[in-house]
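Worksheet for the structure shown next.
All values reported here derive from a predicted model rather than from experimental measurement.
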Amino acid sequence: MKIHQVAKKYTLALHAAITDREELQRTDRAYRTFMQICTAEPKLLRFLCNPIVPLSARQAVLETALQACTPPPAMEALAHLLLKRNRFSLLPVIVSQYMEQVDTWLNRVEVTVYTTIPLTEELKAKMEQSLKNFTGSTIRMECIIDPAILGGLIVNMQGFSFDFSYRNRLKRLKEKLLTEEMLVYGD
């Protein structure tokens, strides 16, 4: 069986063990925190995956790492199961698959908004509500400052991009003027 297929079974089993929306969100936060810890300290994941290190030592280190994440019981049980079965190397793949699915399970849409200046809290709330009405889903919005768009905003969600930037408007105006010039004066 391929790694992704095995990881998918663990991911679906974890989802089946989680009973409510709040637990899904707690698991999402805990996974993100745990992977941030592993990214900051790459030796941690190698240590936990090393079958030569005694299980008791790996369990102690895992317990310390999990305390920083405050995971729900189902996620903690899965982490210990993976450790005991020497399959902890699957965890990053399981986390990746979980992150891909959690928005669907929570009826949530991730939206990235690019602006030249930070949005006010009032404007963020209005935009979030508009996007919620548009999608029918809960919105998880990330705002990124990008001076290159000159003004306006760009909204990316679910593989679509809505470009209301001044840069795009100027580009379309330039194309229109060049087209009209070609019509009037020819090549």
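Taken from SG in Cys143 to CE in Met127, the straight-line distance is 7.5 Å, to the nearest 0.5 Å. The distance from the CD atom of Gln97 to the CG atom of Leu14 is 11.5 Å, given to the nearest 0.5 Å. A distance of 7.5 Å separates NE2 in His4 from OG in Ser96, rounded to the nearest 0.5 Å. In this structure, Leu91 CG and Tyr10 OH are separated by 11.5 Å, a value rounded to the nearest 0.5 Å. Remark: Asn50 CG to Arg58 CZ distance equals 7.0 Å, nearest 0.5 Å. How far CD of Glu76 is from CD of Gln67: 8.5 Å, rounded to the nearest 0.5 Å.
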Open item on the list: Walk me through whether Arg87 and Val6 qualify under side-chain contact (heavy atoms from CB on, under 4.5 Å).
Closed with: CA-CA 10 Å; Arg87 290 188 163 191; Val6 173; 3.6 Å; yes
Task: Val95 vs Phe34, side-chain contact (heavy atoms from CB on, under 4.5 Å): CA-CA, chis, key distance, verdict - done: CA-CA 10 Å; Val95 170; Phe34 189 80; 5.9 Å; no
- [ ] Decide yes or no on side-chain contact (heavy atoms from CB on, under 4.5 Å) for Gln59 and Glu63, but give the supporting numbers first.
- [x] CA-CA 6 Å; Gln59 285 174 326; Glu63 276 302 316; 5.7 Å; no
TODO: Go through the steps for Lys174 and Glu180 under the test salt bridge (charged side-chain N to carboxylate O under 4.0 Å, His left out), then give the verdict.
DONE: CA-CA 10 Å; Lys174 176 184 173 184; Glu180 289 177 6; over 6 Å; no
Open item on the list: Test side-chain contact (heavy atoms from CB on, under 4.5 Å) on Leu170 and Glu175; report intermediate values, then the result.
Closed with: CA-CA 9 Å; Leu170 289 171; Glu175 289 170 359; over 6 Å; no
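At a threshold of 4.5 Å between non-hydrogen side-chain atoms, the residues Leu177 and Leu173 count as touching. Counting only heavy atoms from C-beta outward, the side chains of Val53 and Arg46 never approach each other to under 4.5 Å. The shortest distance between side-chain heavy atoms of His80 and Leu66 falls below 4.5 Å. The shortest distance between side-chain heavy atoms of Val102 and Gln25 does not fall below 4.5 Å. Counting heavy atoms from C-beta outward, Arg172 and Lys176 have side chains that stay 4.5 Å or more apart. Taking 4.5 Å as the limit, every side-chain heavy atom of Arg32 sits out of range of all side-chain heavy atoms of Tyr98. For the pair Thr120/Lys126, no side-chain contact is recorded, criterion being any heavy-atom separation below 4.5 Å from C-beta on.
The nearest pair of heavy atoms linking Leu45 to Pro92 is CD2-CG, 3.6 Å. Scanning both residues, Tyr31 and Met99, for their nearest heavy atoms gives CB-CE, 3.5 Å. Shown here for Leu44 and Cys38, the closest heavy-atom pair between the two residues is CD2-SG, 4.0 Å. Between Leu83 and Leu48 the shortest heavy-atom distance is CD1-O, 3.3 Å. Annotation for Gln158 and Val109: closest pair NE2-CG2, 3.4 Å, computed over non-hydrogen atoms. Between Thr116 and Gly151, the shortest heavy-atom distance links the atoms CG2-N, 3.3 Å.
Counting only distance, with no hydrogens or angles, the side chain of Thr27 and the backbone of Glu23 share a donor-acceptor pair below 3.5 Å. Under the 3.5 Å distance criterion, the side-chain polar atoms of Arg140 are left unmatched by any main-chain donor or acceptor of Val111. Here the side chain of Thr115 pairs no donor or acceptor atom with the backbone of Pro118 at under 3.5 angstrom. A donor-acceptor contact shorter than 3.5 Å links the side chain of Gln5 to the backbone of Lys2. When atom types are taken as modelled, the side chain of Arg26 and the backbone of Pro71 share a donor-acceptor pair closer than 3.5 angstrom.
Follow the hydrophobic side-chain contacts under 4.5 Å out from Ile144 and you never reach Tyr166; the two are in separate clusters. Cluster membership check: Phe164 shares its hydrophobic cluster with Leu119, using side-chain heavy-atom separations under 4.5 Å among Ile, Leu, Val, Met, Phe, Trp and Tyr. Tyr114 and Leu153 fall into different hydrophobic clusters, where Ile, Leu, Val, Met, Phe, Trp and Tyr residues are linked whenever their side-chain heavy atoms come under 4.5 Å apart, directly or through other members. The hydrophobic cluster containing Val113 does not contain Ile149, counting ILVMFWY residues as joined when their side-chain heavy atoms lie under 4.5 angstrom apart, directly or transitively. Hydrophobic clustering (side-chain heavy atoms under 4.5 Å, transitive across Ile, Leu, Val, Met, Phe, Trp, Tyr) groups Val61 together with Leu78.
The number of heavy-atom neighbours closer than 6.0 Å to CD1 of Ile117, taken from other residues, nucleotides and ligands shown, is 12 or below.
Glu128 has no carboxylate O lying under 4.0 Å from a charged side-chain N of Lys124, or vice versa, which leaves the two without a salt bridge.
Ring pair Trp105/His15 is parallel by interplanar angle, where below 30° counts as parallel and above 60° as perpendicular.
Defined by atom type and a distance below 3.5 Å, a donor-acceptor pair is missing between the side-chain atoms of Asp163 and Ser161.
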